[in-house]
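Structure first, then comments.
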Amino acid sequence: MSVSDIDKIFRDEAGRAMATLIRLVGDFDLAEDALQDAFAVALERWSVGEVPDNPRAWLVNVGRNKAIDRIRRRAAFRGKQQALVLELELNAEAPDEPPTTLDDDMLRLIFTCCHPAFAPEVQVALTLRTVCGLSTMQVARAFLVSEEAMAQRLVRAKQKIRLAGIPYEVPERAAMEPRLGGVLAVIYLVFTEGYAATSGPDLMRPDLAAEAIRLARLLDRLMPGRGEIKGLLALMLLHDSRRAGRATSAGDIVLLEEQDRTLWDRAQIEEGLRLVDEALRVPGRPQPYAVQAAIAALHARAPSYAETDWPQIAGLYEVLLRISPSPVIELNHAAVISMVDGPARALDLVNAIAARGGLDGYEMLPAVRADLLRRLGRKEEARKAYVVATEATQLEPLRRLYARRMKELG
């Protein structure tokens, strides 16, 4: 097996293997080091032999053993460390254990990352690092801070978990409530990284998208009847239903207007539509995820791109801006306005957003602006905006898309 094949397996399995190792060793840094040790062994063994039937359980077992070795190599052992070694040995996972026995560990990890003791940005950073497997540099880039500053932020968060004794568990129902908003946000963050990766050669990471959907289903069972949970699950199902049509066999992006809608997953669409209706019927104020899901539902129902109900989508974005205002939603609203009132009106909105500075460093801002300028025939300005968009992204399929656009501009 090639190194790239092994690397893909590791990316697919690392998040849940990491979650289980954190449960076993009780320490983020030790679990991370142990998983890296396990991956080094996998590179050595799998490249010359068969990959085990259950790679995740294999990584957990090898990582657990490596963690024990690391503890034993420390210069001075205390009673607590010896007890930890014993606990690790007693709680060892068998290498052929079925994957279902590890499933709840990811939810435990997310609830730990979303503890009320952490600020929202720390919750997101911890999730990007531990659940999505992004490097510290990639997380820093997402927050527009230096790698050193982000490394310090993550170290402080992990120390707080250890020193404050924050439990690694799914809390009781009453304790779930204050964390639910953060948990839903980070589950959607996991999905977003799977739907459109932050960087790398591939547009999508289906493993992360599937994991986010699985976690939302589990939450829906734990806390039934919640509109925000059903709305998020519907939103992810409807977006994910288009996966087969979003990229060519060569990995190039296929834009929504060019997608073959017969490739869309009709079963996921039907489930998503049902969940949207359930979420919108929950009494009270409309939930942001439910409104976003209603937007995705209009895309899913449209027979073609040209027949999409753009005025209704624009209206739903206006509702979303009232209940959950943000510059990103404003940018999405502007893109939809281009389909209702034309690209000139949308460009005015985008320029106003840029002037306020709310999206400085956000890579999709120059991309949306470039597309509007292209549609207006302002070729030189569009070309410059595509250059900025290219420099702002680390995702290779996006860079190739922008290169094609610039070539079309002559």
Side-chain angles (χ1 to χ4, degrees), residues 184 187-188 191-192 194-196 203-204 209 212-213 216-217 220 226-247 253-343 345-346 349-350 353 364 367-368 371-372 375:
L184 292 175
I187 288 176
Y188 192 36
F191 176 82
T192 302
Y195 184 76
L203 172 64
M204 296 172 281
I213 290 170
R217 290 190 194 281
D220 191 36
R226 300 296 295 254
E228 61 267 57
I229 299 175
K230 291 184 181 298
L232 177 59
L233 180 54
L235 176 63
M236 294 189 297
L237 285 168
L238 290 168
H239 280 324
D240 190 62
S241 70
R242 303 198 296 264
R243 183 183 351 126
R246 294 185 62 231
I253 293 174
V254 180
L255 297 174
L256 181 60
E257 58 263 38
E258 301 166 351
Q259 288 176 20
D260 179 356
R261 298 188 176 216
T262 64
L263 297 176
W264 293 2
D265 189 323
R266 301 312 305 182
Q268 277 193 218
I269 289 173
E270 291 303 319
E271 183 183 3
L273 294 177
R274 175 180 56 78
L275 285 164
V276 171
D277 290 339
E278 291 178 10
L280 292 175
R281 284 201 302 268
V282 173
R285 184 186 186 192
Q287 296 295 325
Y289 291 124
V291 177
Q292 291 180 67
I295 293 170
L298 287 171
H299 284 295
R301 287 190 172 107
S304 67
Y305 187 76
E307 296 172 274
T308 304
D309 190 344
W310 295 109
Q312 189 173 351
I313 291 176
L316 286 171
Y317 268 115
E318 289 164 11
V319 172
L320 196 56
L321 281 169
R322 287 198 297 272
I323 63 176
S324 182
S326 81
V328 172
I329 293 173
E330 283 187 77
L331 183 64
N332 292 337
H333 175 246
V336 172
I337 288 296
S338 75
M339 303 302 297
V340 179
D341 297 331
R345 169 62 179 147
L349 294 173
V350 169
I353 295 168
M364 295 312 297
V368 172
D371 184 64
L372 294 172
R375 290 166 57 189

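Predicted, not measured: the structure shown is a model, and the values here were computed from it. The chain is numbered in sequence order, starting from 1.
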If you round to the nearest 0.5 Å, how far is [atom2] of [Y] from [atom1] of [X]?
X: Lys230; Y: Arg217; atom1: NZ; atom2: CZ; value: 11.0 Å
X: Tyr289; Y: Ser324; atom1: OH; atom2: OG; value: 8.5 Å
X: Trp310; Y: Asp341; atom1: CH2; atom2: CG; value: 13.0 Å
X: Arg243; Y: Tyr195; atom1: CZ; atom2: OH; value: 11.0 Å
X: Leu275; Y: Leu280; atom1: CG; atom2: CG; value: 11.0 Å
X: Leu331; Y: Ile353; atom1: CG; atom2: CD1; value: 5.5 Å

Within the side chain of [X], is there an N or O that forms a donor-acceptor pair under 3.5 Å with the backbone of [Y]?
X: Gln268; Y: Leu237; value: yes
X: Thr192; Y: Tyr188; value: yes
X: Arg246; Y: Met204; value: no

Are the side chains of [Y] and [X] in contact, using a 4.5 Å heavy-atom criterion?
X: Leu320; Y: His333; answer: no
X: Ile187; Y: Met236; answer: yes
X: Val319; Y: Arg322; answer: yes
X: Leu298; Y: Leu316; answer: yes
X: Leu349; Y: Arg345; answer: yes
X: Tyr317; Y: Ile337; answer: no

Looking only at heavy atoms, what is the nearest atom pair of [X] and [Y], with distance?
X: Leu203; Y: Ala247; value: CD2-CB, 4.4 Å
X: Ala314; Y: Val340; value: CB-CG2, 4.3 Å
X: Gly272; Y: Ala234; value: O-CB, 3.5 Å
X: His239; Y: Ala296; value: CE1-CB, 4.2 Å
X: Ala294; Y: Val276; value: CA-CG1, 4.0 Å
X: Ala300; Y: Trp264; value: CA-CZ3, 4.1 Å

Given His299, which of Leu238, Ile313, Asp309 fulfils the side chain to side chain contact (heavy atoms under 4.5 Å, CB included) condition?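 Between His299 and the candidates, side chain to side chain contact (heavy atoms under 4.5 Å, CB included) is satisfied uniquely by Ile313.
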Audit row: Gln287, Leu232, side-chain contact (heavy atoms from CB on, under 4.5 Å) steps and yes/no: CA-CA 9 Å; Gln287 296 295 325; Leu232 177 59; over 6 Å; no
Verdict with reasoning, Arg226 to Val282, per side-chain contact (heavy atoms from CB on, under 4.5 Å): CA-CA 7 Å; Arg226 300 296 295 254; Val282 173; over 6 Å; no
Go through the steps to decide whether Glu258 and Tyr305 satisfy the test side-chain contact (heavy atoms from CB on, under 4.5 Å), and finish with yes or no. CA-CA 8 Å; Glu258 301 166 351; Tyr305 187 76; over 6 Å; no
side-chain contact (heavy atoms from CB on, under 4.5 Å) evaluation trace for Arg301 with Leu273: CA-CA 9 Å; Arg301 287 190 172 107; Leu273 294 177; 3.7 Å; yes
Salt bridge or not for Glu270 and Arg274, using N-O below 4.0 Å?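 No, this pair does not count.
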